[in-house]
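Accompanying notes for the structure given below.
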Amino acid sequence: MAHELPPLPYAYNALEPYYDEQTVRLHHDKHHLAYVNGLNKAEEKMEEARSSGDYPLIQHWERQLAFHGSGNILHTLFWQSMAPNAGEEPKGELADQIEADFGDLNTFRNQFSQAAITVEGNGWAALAWSPEFQRLYIVQIENHQKQVLANAQLVMVLDMWEHAYYLKFQNRRPDWVESWWNIVNWDGASERFRLIKEHSKAVAVR
Amino acid sequence: MTHYGRTIAAIAVVAAGFAHQSMSLAQTAAAPKTEHQLAPLPYAYNALEPYYDAETVRIHHDLHHAAYVRGLNSAEEKLIEARKTGDLSAIQLWERLLAFNGSGDILHTIFFANMTPNGGGEPTGELMEQIRRDFGSYEAFRKQFTQAAVTVEASGWAVLGWSPEYRRLYIVQVLNHQNNTLMGLRPLLVLDMWEHAYYLKFQNRRPEWVESWWNIVNWPDVARRFAEARKNS
């Protein structure tokens with residue numbers, strides 16, 4: 001019943017030299033784990049409230065649920081969004097859709113980088129498919145749970161919390177983003193997008 | 001955004017022709033992408049009486065919901081322009097307006113579809129089983145959903161959704177339209193707790209609005225969304 005930390009899909013040093021081993025280790029084993037623990041705690045507290053029928057702290061636990069639950073999901077996808085030697089660009093339907101919605105890959109890349117670099121405080125740049133609007137969007141998520149496009153299906157995400165890059169890049173956010181483009185798992189993102197799109201008409205709100 | 005203030009001004013000026021006009025504009029404008037359009041109200045303005053009054057339903061759909069659709073189109077146009085010129089200096093603003101208005105449109109579309117005359121009662125079948133599994137009982141679910149709605153800070157929503165990642169139902173307390181959400185959550189049942197949703201009839205009495213709303217919940221619609229979300233997740 002309790003949520004568990006998904007294992008890192010590669011070795012701690014697999015993304016060197018673009019993403020350093022020490023940061024990957026701390027990021028996965030400590031930060032990601034803390035979100036899993038936070039999610040479990042929020043769920044336990046809500047179960048307690050349901051048992052007692054008393055909800056004095058519901059705002060607090062709703063906030064914790066949204067924060068930690070989203071943090072866990074985003075980090076799980078973040079690890080999947082990277083891989084050593086996983087393609088230099090998107091393939092198939094994802095390549096076509098990026099062209100259709102952003103003009104070309106460079107324009108997409110430029111907007112995604114700008115969205116990442118300008119995140120206020122902690123947050124994420126995310127590429128997402130909207131089942132309702134049938135197009136791709138770049139969204140600029142704050143913390144883990146704010147500025148989210150409702151029902152957006154995430155294709156790939158880039159962590160812009162300082163814990164994600166500070167040991168190696170300190171205040172040089174653009175350097176982190178440039179480094180990250182070298183380890184984007186385009187093969188994985190392309191396959192993920194294909195699956196999302198296959199089901200997207202059915203989950204669209206109408 | 002000051003929708004309420006804008007609405008008050010707009011009501012006096014444009015009255016009933018407003019929604020019609022904005023839709024025909026959307027249909028005729030030549031744009032590189034299909035413009036988003038306001039989803040039609042799935043019943044008459046007065047269909048939900050006495051639980052949801054015709055005047056609020058009309059303003060809520062024709063003015064508020066329409067404004068989110070326009071805001072979404074505007075944010076997208078600005079982003080297209082920014083990509084063309086390469087000037088992304090205002091990207092934070094357009095990202096914010098995209099998340100706010102896009103989510104506002106989606107939530108309102110579900111909100112109106114989630115209600116029906118002769119609604120209410122309790123869910124049945126697999127949805128009911130899942131509610132019992134995840135919340136203990138229907139009563140416990142209803143109480144938690146009501147509490148989540150009544151205690152929304154300022155403007156927001158109570159949302160019952162299916163998490164494809166965690167394979168269970170959650171109630172989340174969304175702030176504005178785009179904050180405090182659970183990532184990936186598929187919304188199934190949403191209750192608007194912005195003041196524009198209930199103020200004309202209920203003023204400060206939020207619990208009464210929520211109690212009234214339970215009478216018009218369209219459970220078959222919620223069950224259909226649940227079946228589709230679970231099948232495709």
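The figures here come from the full heavy-atom set of this structure, side chains too, leaving out hydrogens, waters and symmetry mates. We name chains A, B, ... by the order of the sequence lines, and we start the count at 1 in each one.
Salt bridge absent: A:R50 and B:E139 never bring a charged side-chain N and a carboxylate O closer than 4.0 Å.
Contacts of A:I141 with chain B are made by side-chain atoms alone, with heavy-atom separations under 4.5 Å and no backbone atom involved. With a 4.5 Å cut-off on non-hydrogen atoms, B:L72 touches chain A through its side chain but not through its backbone. For B:L185, the part sitting under 4.5 Å from any heavy atom of chain A is the backbone (N, CA, C, O) and nothing else. Contact annotation for A:E142: only side-chain heavy atoms (C-beta onward) come within less than 4.5 Å of a heavy atom of chain B. Looking at A:Q59, the atoms closer than 4.5 Å to chain B (heavy atoms on both sides) sit in the backbone and in the side chain alike. The contact between A:Q111 and chain B is made by backbone and side chain atoms together, counting heavy-atom distances below 4.5 Å. Residue B:F141: no heavy atom, backbone or side chain, is found under 4.5 Å from chain A. With a 4.5 angstrom heavy-atom cutoff, B:A148 touches chain A via backbone and side-chain atoms both. Only the side chain of B:R224 comes within contact range of chain A, judged by heavy atoms closer than 4.5 Å. For chain B, the nearby part of A:L154 is the side chain; its heavy atoms alone come within less than 4.5 Å. For chain B, the nearby part of A:Y137 is the side chain; its heavy atoms alone come within less than 4.5 Å. Contacts of B:N176 with chain A are absent, with no heavy-atom separation under 4.5 Å from either backbone or side chain.
To the nearest 0.5 Å, atom CG of residue A:D104 and atom CZ of residue B:R83 are 10.5 Å apart. A:E62 contributes atom CD, which lies 12.0 Å from atom CD of B:E153 (distance to the nearest 0.5 angstrom). Here the straight-line distance linking atom CD of B:E165 with atom CG of A:L39 works out to 11.0 Å at 0.5 Å rounding. In this structure, OG in A:S200 is found 9.0 Å from CG in B:N232, a value given to the nearest 0.5 Å. Here the CG atom belonging to B:N180 is positioned 10.0 Å from the CD atom belonging to A:Q64, to the nearest 0.5 angstrom.
Contact tally against chain A (heavy-atom pairs below 4.5 Å) for B:E95, B:E228, B:R225: the top residue is B:E95. Ranking A:E120, A:Q134, A:Q147, A:E198 against chain B, the residue ahead of the rest is A:Q147, based on heavy-atom pairs under 4.5 Å. Annotation: maximal heavy-atom pairing with chain B below 4.5 Å, among A:N143, A:T118, A:T107, A:I196, occurs at A:T118. Top candidate by heavy-atom pairs under 4.5 Å with chain A, chosen from B:L182, B:T181, B:V152, is B:T181. Interface check for chain A: of the options B:Q144, B:K143, B:Q147, the most heavy-atom pairs under 4.5 Å are formed by B:Q144.
Taking all atoms of both residues into account, the shortest heavy-atom contact from A:N110 to B:L88 is ND2-CD1, 3.8 Å. Minimum heavy-atom separation, B:I106 to A:A150: CD1-O, 3.3 Å.
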Q | Step-by-step side-chain contact (heavy atoms from CB on, under 4.5 Å) determination, A:N72 to B:M183 | A | CA-CA 9 Å; A:N72 178 30; B:M183 194 55 60; over 6 Å; no
Q: Please lay out, stage by stage, how A:Q140 and B:Q92 fare under the test side-chain contact (heavy atoms from CB on, under 4.5 Å).
A: CA-CA 8 Å; A:Q140 192 178 48; B:Q92 285 182 322; 3.8 Å; yes
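For A:K91, the NZ atom counts as densely surrounded, since its 6.0 Å shell holds more than 12 non-hydrogen atoms of other residues, nucleotides or ligands. More than 12 non-hydrogen atoms from other residues, nucleotides or ligands lie less than 6.0 angstrom from CD of A:E178. In this structure, A:K168 places its NZ atom where more than 12 heavy-atom neighbours from other residues, nucleotides or ligands lie under 6.0 Å away. Counted within 6.0 Å of OH on A:Y12, heavy atoms from surrounding residues, nucleotides or ligands total more than 12; the atom is thus considered enclosed.
In the model, B:Y166 has no side-chain atom that pairs as donor or acceptor with a side-chain atom of A:E43 under 3.5 Å.
No side-chain heavy atom of A:Q145 sits under 4.5 Å from any side-chain heavy atom of B:N179.
Not a single donor-acceptor pair under 3.5 Å links the side chain of A:N151 to the backbone N or O of B:R186. Between the B:T151 side chain and the A:I58 main chain, no donor and acceptor come within less than 3.5 Å of each other. The backbone N or O of A:V148 lies less than 3.5 Å from a partner atom in the side chain of B:S103, making a donor-acceptor pair. In terms of modelled atom types and a separation under 3.5 Å, the side chain of B:Q173 and the main chain of A:R63 share no donor-acceptor contact.
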